[in-house]
Number of protein chains: 2
Amino acid sequence: MMKIDQKDRQILRVLAREGRISNLALAERVALSPSATLRRVQALEAAGVIAGYRAMLDPAKMGQGFVAYLSVGLKTHTKSAQAAFEQAMAAASEVRECHNVTGNVEYLLRVEAADLPAYKRFHTDILGALPQVSTITTYVVIGSPKDERK
Amino acid sequence: MMKIDQKDRQILRVLAREGRISNLALAERVALSPSATLRRVQALEAAGVIAGYRAMLDPAKMGQGFVAYLSVGLKTHTKSAQAAFEQAMAAASEVRECHNVTGNVEYLLRVEAADLPAYKRFHTDILGALPQVSTITTYVVIGSPKDERK
DNA sequence: CAATCAATGATGAAAATTGACCAGAAAGAC
DNA sequence: GTCTTTCTGGTCAATTTTCATCATTGATTG
């Protein structure tokens, strides 16, 4: 585990919001020389603190107007049932996130689809076809007042 | 709304995974000249299809070992109650995402905290203190077999 | 078939990246 | 206290990238 000082936190805070900021601008923002800044960023990347960089795409602007979170409960909690479910989720392009959680359900999914019919296809053809699944609850996203996903 | 062709989709697919790739490398990847590639990227940014770029930070490596999703139900569904709740979420640094959803709850939150005590503080002092909140259910994230958040 | 419009590729100047090298501060050993 | 050792920052220059401009290609329309 690497030690993260105040300057590192400053850098991370900036990069979390502006992942494509130039090293020069970043250096100026955190009041450091470009080379020192670069060294820190590289160290943070090497340590895995920065796992990568992503462009944030707007689903609506890409014709993916339908976003929902689903809670999924499994019939059995065997390792093989979980593995099979996770494999199906990995293969499903509509599934952007699949979190294994504690509580009265096993999984929480984020699903993005073009529209309601497309979502229905996923719901019935993919999820509904899985023998491990026992309960599905859909929470359609109306809006996201805050979204700092990183 | 801008039209997005196959090349654009290629570009987006690459940028979604490697947000900091150089324009030169991106151009090579999608088999286009650098200038044409840059123009497309700029158009996508201007159209809002690319909403921004983010560094993906590893919560665990930053001492934020505790990640949970919470479903939150409100007592009343007035506009003012929602606004007050959303404002509180915007102010809470532990809250990384706040989605307004349909279903038997109003909100779905993603919360990241250093550990269980830190989470408890958020749960009781912040969420518990809000008069609008009626129900809270916590789903602690054990693992994320898939996470393509963008 | 000519004209027009859109998109591409080429070019080059300006800017950014990135690593080598050096200086100074902090920590530890004696 | 002094001498190392280590760590972090700054400077600078070579390399690479960005990005605006311009000519060309190709498709579409009248």
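Just the heavy atoms: all of them, side chains too, but no hydrogens, waters or symmetry mates, feed the values below.
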Rounding to an integer number of Å, can you tell me how far B:Lys7 NZ sits from C:dG9 P? 9 Å
Quick check on DNA chain C: between A:Asn23 and B:Asp5, whose nearest nucleotide comes earlier from the 5' end? B:Asp5
Look at B:Arg39 and C:dG9 and indicate whether a side-chain polar atom (N or O) is within less than 4.0 Å of OP1 or OP2. no
Hey, is the side chain of A:Ser22 pairing donor to acceptor with the base of C:dT17 inside 3.5 Å? no
Between B:Tyr139 and A:Ser71, is any side-chain donor less than 3.5 angstrom from a side-chain acceptor? no
Using a cut-off of 6.0 Å, state whether more than 12 heavy atoms not belonging to B:Glu28 lie near its atom CD. no
A:Glu28 CD - C:dA15 P separation (whole Å): 14 Å
Among D:dT18, D:dG9, C:dT18, the nucleotide that comes nearest once only the side chain of B:Leu24 is considered: D:dT18
For A:Arg40 and C:dT18, what is the distance between atoms CZ and P respectively, to the nearest whole Å? 17 Å
Counting just side-chain N and O atoms, does A:Gln42 come under 4.0 Å of either OP1 or OP2 of C:dG19? yes
Of A:Ala36 and A:Arg20, the one whose closest nucleotide on DNA chain D sits nearer the 5' end is A:Ala36
Can you check whether any acceptor in the base of D:dG9 is under 3.5 Å from a donor in the side chain of A:Ser33, or vice versa? no
Look only at the side chain of A:Asn100 and the backbone of A:Glu106, and say whether a donor-acceptor pair between them is shorter than 3.5 Å. yes
Can a salt bridge be assigned to the pair A:Glu94 and A:Arg121 using a cut-off of 4.0 Å between side-chain N and carboxylate O? no
Roughly, in whole Å, what's the span from CG in B:Leu32 to P in C:dA6? 18 Å
Can you check the A:Leu38 CG to C:dA20 P distance for me, whole Å? 12 Å
Nearest-Å distance, CD1 (B:Ile21) to P (D:dT17)? 11 Å
